[in-house]
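So you know, we letter chains A, B, ... as the sequences are listed, proteins then strands, and number each from 1.
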Amino acid sequence: MSTETLRAGKRTVEVSRADKVFFPDDGITKGELAEYYRQVAPALVRHARARPVAAERFPDGITGQRVFQKNVGEHFPDWIRRAEVPKKEGGTIVHAVCDDAATLVYLADQGCVTPHCWLSRTDQLDTPDRLIFDLDPATQDLEQLRLAARGMGTLLDELGLVPFLMSTGSRGFHVVAPLRREHTFDHVRNFARDAAALLAEREPKALTVEQRKEDRGRRIFLDYLRNAYAQTAVAPYSVRAKPTAPVATPLEWEELDTTEPWHHTMTTAVERIQRYGDSWSNFTRRARSLRQPRQRLDRLIGR
DNA sequence: GAAGTAA
DNA sequence: TTACTTCAACGCCAT
DNA sequence: ATGGCG
Ligand SMILES: [Mn+2]
Ligand SMILES: [Mn+2]
């Protein structure tokens, strides 16, 4: 039954129904999805290693049912690392940990189009090592979107953090800053909320932090709520479940004005990495404490 | 996608 | 064997 | 406590 065998580093992973079409508009198969993850694994894993991962699965392709899976299945092979993580209000979840190419290939075989990673690592689940702003547009206005991303990047830079940019493959961008693991999610989220609210106050017609869609109107939602325990963000270089198979792609800030959020795809992302490497290669080295940024932000908002 | 049950 | 069903998340916030 | 939201 068209089972393919992929070598991924140390492991050999079987991909069942490798010729099953997952992206009907593009003819992309599950086998090609698995092969994609094998190829980008070195770059992807550098950003995802040691993090609990949730799998956004489409067992019958992207036009079929969507499943968001956290617990590893009983049938998962024993070489996939697991982390038993407490839920906020009791109970636990046994997550897979996104540690190597073979795990990504195995998840692809399970129909996982998009892996979603925690913002913290298994050895310190309560203290995130990244701060994320998820810019979600309500319209196709790229001008406003770029203004928002540039504004957030500039603000973080002025506060003493080092912002990085990623196109999500969907409609927006992520602006992400690496952190020293000194603060809890609650503290980081408070900072994120204050920064986002400040920006929204400066551009009230273009930006908002309102949660309810109805209250956002046509404004861009500065989603700071991703900065919470057990919340996730699409992994860099992950594929999105949309026609063209777009890819969440780390960018240079210089590319913001010329790159659409959905520009890169399974095909171009591989070429991009081969030619230019990973735009976030220095991400970890740019980690900063939130202490001074917190004080500077307090001053900016008048405290 | 995997596993269980009914036919 | 095939056909079919079921299951596979959770935290924050506003109300 | 519930529902929207991502
Ligand atoms: Mn199925
Ligand atoms: Mn988003």
Pick out the pairs of N or O atoms, protein on one side and nucleotides 2-6 of chain D on the other, that lie under 3.5 Å.
{"from": "D:dG4", "atom 1": "N2", "to": "A:Gln211", "atom 2": "NE2", "distance (Å)": "3.2"}
{"from": "D:dC5", "atom 1": "OP1", "to": "A:Lys213", "atom 2": "N", "distance (Å)": "3.2"}
{"from": "D:dC5", "atom 1": "O3'", "to": "A:Arg216", "atom 2": "NH2", "distance (Å)": "3.2"}
{"from": "D:dG6", "atom 1": "OP1", "to": "A:Arg216", "atom 2": "NH1", "distance (Å)": "2.7"}
{"from": "D:dG6", "atom 1": "OP1", "to": "A:Arg216", "atom 2": "NH2", "distance (Å)": "3.3"}
{"from": "D:dG6", "atom 1": "O3'", "to": "A:Asp134", "atom 2": "OD2", "distance (Å)": "3.3"}
{"from": "D:dG6", "atom 1": "O3'", "to": "A:Asp223", "atom 2": "OD2", "distance (Å)": "3.3"}
{"from": "D:dG6", "atom 1": "N2", "to": "A:Gln231", "atom 2": "OE1", "distance (Å)": "2.9"}

- request: Pick the C1' atom in B:dG1 and in C:dC10, then give their distance to the nearest Å.
  value: 22 Å
query: Is A:Glu158 reaching over with its side chain to a backbone N or O of A:Gly160, donor-acceptor style, under 3.5 angstrom?
result: no
- line: Its 5'-most and 3'-most nucleotides having an atom under 4.0 Å from a non-hydrogen atom of chain A, DNA chain B is contacted over B:dG1 to B:dA3
- request: May I ask you to decide if A:Arg49's main-chain N or O and A:Asp99's side chain share a donor-acceptor pair within less than 3.5 Å?
  value: no
query: Pairs counted as Watson-Crick or G-U wobble with both distances under 3.5 Å: what dot-bracket string results for DNA chain D, using | for bases tied to another strand?
result: ||||||
- prompt: Hey, does the side chain of A:Asp26 reach the backbone of A:Thr244 with a donor-acceptor pair shorter than 3.5 angstrom?
  reply: yes
- prompt: Does A:Thr139 reach the main-chain N or O of A:Asp141 with its side chain, forming a donor-acceptor pair under 3.5 Å?
  reply: yes
- request: For DNA chain B, determine which residues of residues 69-104 of chain A have any heavy atom closer than 4.0 angstrom to one of its atoms, and list them numerically.
  value: A:His75
message: What's the gap between C:dA9 and D:dG4 when it is taken at their C1' atoms, as a whole Å value?
response: 15 Å
message: With a 3.5 Å distance limit and no angle check, can you tell me whether A:Asp157 reaches the backbone of A:Val162 through a side-chain donor-acceptor pair?
response: no
query: So is A:Arg216 actually on top of A:Phe221's ring, under 6.0 Å and inside 45° of the axis?
result: yes
task: Look at A:Asp257 together with A:Arg150 and state whether they make a salt bridge at an N to O cut-off of under 4.0 Å.
output: yes
- prompt: Do A:Thr122 and A:Arg81 come within less than 4.5 Å of each other through their side chains, counting heavy atoms only?
  reply: yes
message: Regarding A:Glu182 and A:Arg291, does a basic nitrogen lie under 4.0 Å from an acidic carboxylate oxygen?
response: no
- request: May I ask you to say what A:Arg189 touches in the nucleic acid, namely base, sugar-phosphate or nothing, with a heavy-atom cut-off under 4.0 Å?
  value: sugar-phosphate
Hydrophobic cluster partners of A:Ile28 (side-chain heavy atoms under 4.5 Å): A:Phe22, A:Phe23, A:Leu33, A:Tyr36, A:Tyr37, A:Val40, A:Leu44, A:Val45, A:Phe58, A:Ile62, A:Leu104, A:Val113, A:Tyr237, A:Val239, A:Val247, A:Met266, A:Val270, A:Ile273
message: Strictly below 4.0 Å, N to O, side chains only: are A:Arg146 and A:Glu260 in salt-bridge contact?
response: no
- request: Looking at every strand, decide which applies to A:Gln65 at a 4.0 Å heavy-atom threshold: base, sugar-phosphate, or nothing.
  value: base
- line: So, with a heavy-atom separation below 4.0 Å from DNA chain B, the residues of residues 108-127 of chain A are A:Asp109, A:Gln110
message: Under a 4.0 Å threshold between the charged nitrogen and the carboxylate oxygen, would A:Arg212 count as salt-bridged to A:Glu210?
response: no
message: When you measure from the side chain of A:Asn227 to the backbone of A:Ile132, do you find a donor-acceptor pair of N or O atoms at a distance under 3.5 Å?
response: yes
query: Would a distance-only check, ignoring hydrogens and angles, find a side-chain to backbone donor-acceptor pair under 3.5 Å from A:Arg7 to A:Thr5?
result: no
message: Rounded to whole Å, please give me the gap between CD in A:Glu210 and P in C:dC13.
response: 13 Å
query: Reckon A:Tyr229 touches a base, only the sugar-phosphate, or nothing at all at heavy-atom distances under 4.0 Å?
result: sugar-phosphate
